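See below for the structure under consideration.
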Amino acid sequence: CKMMNRVNQIFRYIGYFSLSLLIGWFSNYSGDKTDFILQISHNIIPLLVTILAFYVTILALILKELVVFKNQKGGNIKDVLHSMKKDLIIEMSLIFVAFLCYTVRGAISSVISTECMQWITILSNSVTVFTFIYFLLLIFDSIVGLWNLIEENNK
């Protein structure tokens with residue numbers, strides 16, 4: 001079952017990546033002034049840090065409910081804690097990748113050809129979409145998990 005979960009995760013990330021590339025590609029053809037993803041990209045780091053702060057708040061609530069669950073039901077929460085730690089590391093890594101992506105993009109924009117810049121814009125738009133989708137889905141999963149924990153603890 002662990003192998004299938006791993007395969008599921010790989011396909012999910014391939015799907016996120018593919019969707020991000022597709023949206024980044026479509027967004028690029030709207031032009032710099034009307035490119036919505038490009039406009040979000042200018043503020044993506046503060047936006048991601050804000051979402052991360054919201055996620056950490058949700059994690060604190062989940063941890064509280066996990067302790068209640070463990071005390072009431074005697075459940076093993078080690079895997080959940082490991083998963084939460086892994087998700088935080090991934091989120092921090094995505095913020096770092098986004099930071100690097102936009103720093104490099106800004107640094108090389110005046111040195112490379114327009115055709116190459118188009119592909120860099122598509123890639124950076126894709127990074128924006130991927131990180132934003134990933135963060136939102138992680139928050140959604142966390143809220144659903146928190147809700148399930150609260151229901152289980154109140155049975």
Side-chain angles (χ1 to χ4, degrees), residues 1-28 35-109 117 119-154:
C1 190
K2 271 190 172 186
M3 181 62 164
M4 284 307 292
N5 284 341
R6 181 65 69 187
V7 170
N8 253 352
Q9 282 182 328
I10 290 170
F11 280 123
R12 187 176 332 152
Y13 287 121
I14 289 171
Y16 294 161
F17 182 74
S18 300
L19 179 65
S20 299
L21 277 176
L22 183 66
I23 293 172
W25 182 70
F26 278 139
S27 178
N28 179 59
D35 186 346
F36 182 69
I37 303 300
L38 185 60
Q39 300 305 318
I40 291 174
S41 298
H42 296 300
N43 298 314
I44 193 68
I45 302 300
L47 179 64
L48 293 178
V49 170
T50 302
I51 294 173
L52 178 64
F54 182 66
Y55 178 68
V56 169
T57 303
I58 293 170
L59 285 185
L61 295 171
I62 291 172
L63 285 172
K64 179 183 166 233
E65 290 297 322
L66 280 172
V67 169
V68 170
F69 177 78
K70 183 176 180 181
N71 291 338
Q72 286 180 356
K73 314 268 195 235
N76 183 1
I77 62 172
K78 182 179 178 183
D79 289 340
V80 176
L81 294 175
H82 176 71
S83 178
M84 290 166 64
K85 179 181 176 184
K86 180 185 79 167
D87 289 340
L88 276 173
I89 291 170
I90 290 172
E91 283 186 333
M92 296 296 289
S93 299
L94 286 174
I95 291 172
F96 181 71
V97 166
F99 177 76
L100 282 178
C101 176
Y102 294 107
T103 302
V104 169
R105 178 181 166 185
I108 65 172
S109 65
M117 193 59 198
W119 289 105
I120 291 172
T121 300
I122 291 171
L123 179 64
S124 64
N125 283 353
S126 299
V127 167
T128 298
V129 172
F130 181 85
T131 54
F132 194 69
I133 288 173
Y134 184 84
F135 273 54
L136 290 181
L137 288 175
L138 193 61
I139 285 180
F140 175 77
D141 285 345
S142 298
I143 291 172
V144 168
L146 176 60
W147 188 260
N148 290 339
L149 267 171
I150 290 170
E151 285 181 340
E152 183 65 33
N153 288 340
N154 290 312

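The shown structure was predicted, so the numbers you read here are calculated from the model rather than taken from an experiment.
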| task | With rounding to the nearest 0.5 Å, note down the distance linking CD1 in I122 to CE in M117. | result | 11.0 Å
| Side chain S124, main chain I120, donor-acceptor under 3.5 Å | yes
| message | Applying side chain to side chain contact (heavy atoms under 4.5 Å, CB included), can you list everything that pairs with K86, at least two apart in sequence or on another chain? | response | Q9, I90
| task | Go through L21 and V129 one step at a time and tell me if the side-chain contact (heavy atoms from CB on, under 4.5 Å) criterion holds. | result | CA-CA 8 Å; L21 277 176; V129 172; over 6 Å; no
| task | Give, for atom CD1 of I133 and atom OG of S20, the distance between the pair rounded to the nearest 0.5 Å. | result | 4.5 Å
| said: Does any part of the side chain of N125, heavy atoms only, come nearer than 4.5 Å to the side chain of F26, both counted from C-beta? | reply: no
| message | I'd like to check the side-chain hydrogen bond (donor to acceptor under 3.5 Å, both in side chains) partners of E91; sequence neighbours left out, ordered by chain and number. | response | none
| Rounded distance (nearest 0.5 Å) linking atom CD1 of I143 with atom OH of Y55 | 11.0 Å
| said: Under the rule for side-chain hydrogen bond (donor to acceptor under 3.5 Å, both in side chains), what residues qualify as partners of S142, not counting sequence neighbours? | reply: none
| Are any of the side-chain heavy atoms of L146 and I150 separated by less than 4.5 Å? | yes
| request: Answer yes or no: is there a side-chain heavy-atom contact under 4.5 Å between I77 and L63? | output: no
| message | Take a 6.0 Å sphere around CZ of F132 and say whether it holds more than 12 heavy atoms from other residues, nucleotides or ligands. | response | no
| query | Any side-chain heavy atom of F135 sitting closer than 4.5 Å to one from I139? | reply | no
| note | So CG of D141 and CG of L136: to nearest 0.5 Å the spacing works out to 11.0 Å
| Do the side chains of I23 and F130 get nearer than 4.5 Å, heavy atoms only? | no
| query | Can you list the residues that meet the side-chain hydrogen bond (donor to acceptor under 3.5 Å, both in side chains) rule with E152, with sequence neighbours excluded? | reply | K155
| Are side-chain heavy atoms of L66 and M84 found at a separation under 4.5 Å? | yes
| said: Please find the pair of heavy atoms, one from A98 and one from L48, that lie closest to each other, and give the distance. | reply: CB-CD1, 4.3 Å
| query | Going from CG on L149 to NZ on K64, what distance comes out if it is rounded to the nearest 0.5 angstrom? | reply | 11.5 Å
| query | With sequence neighbours excluded, what pairs up with N153 under the side-chain hydrogen bond (donor to acceptor under 3.5 Å, both in side chains) test? | reply | E65
| Minimum side-chain heavy-atom gap I44-I95 below 4.5 Å | no
| message | Which residues pass the ring-ring contact (aromatic ring centres under 6.0 Å, His included) test with W119, not counting sequence neighbours? | response | none
| note | Interatomic distance, CZ@F17 vs OG@S126, rounded to 0.5 Å, equals 7.0 Å
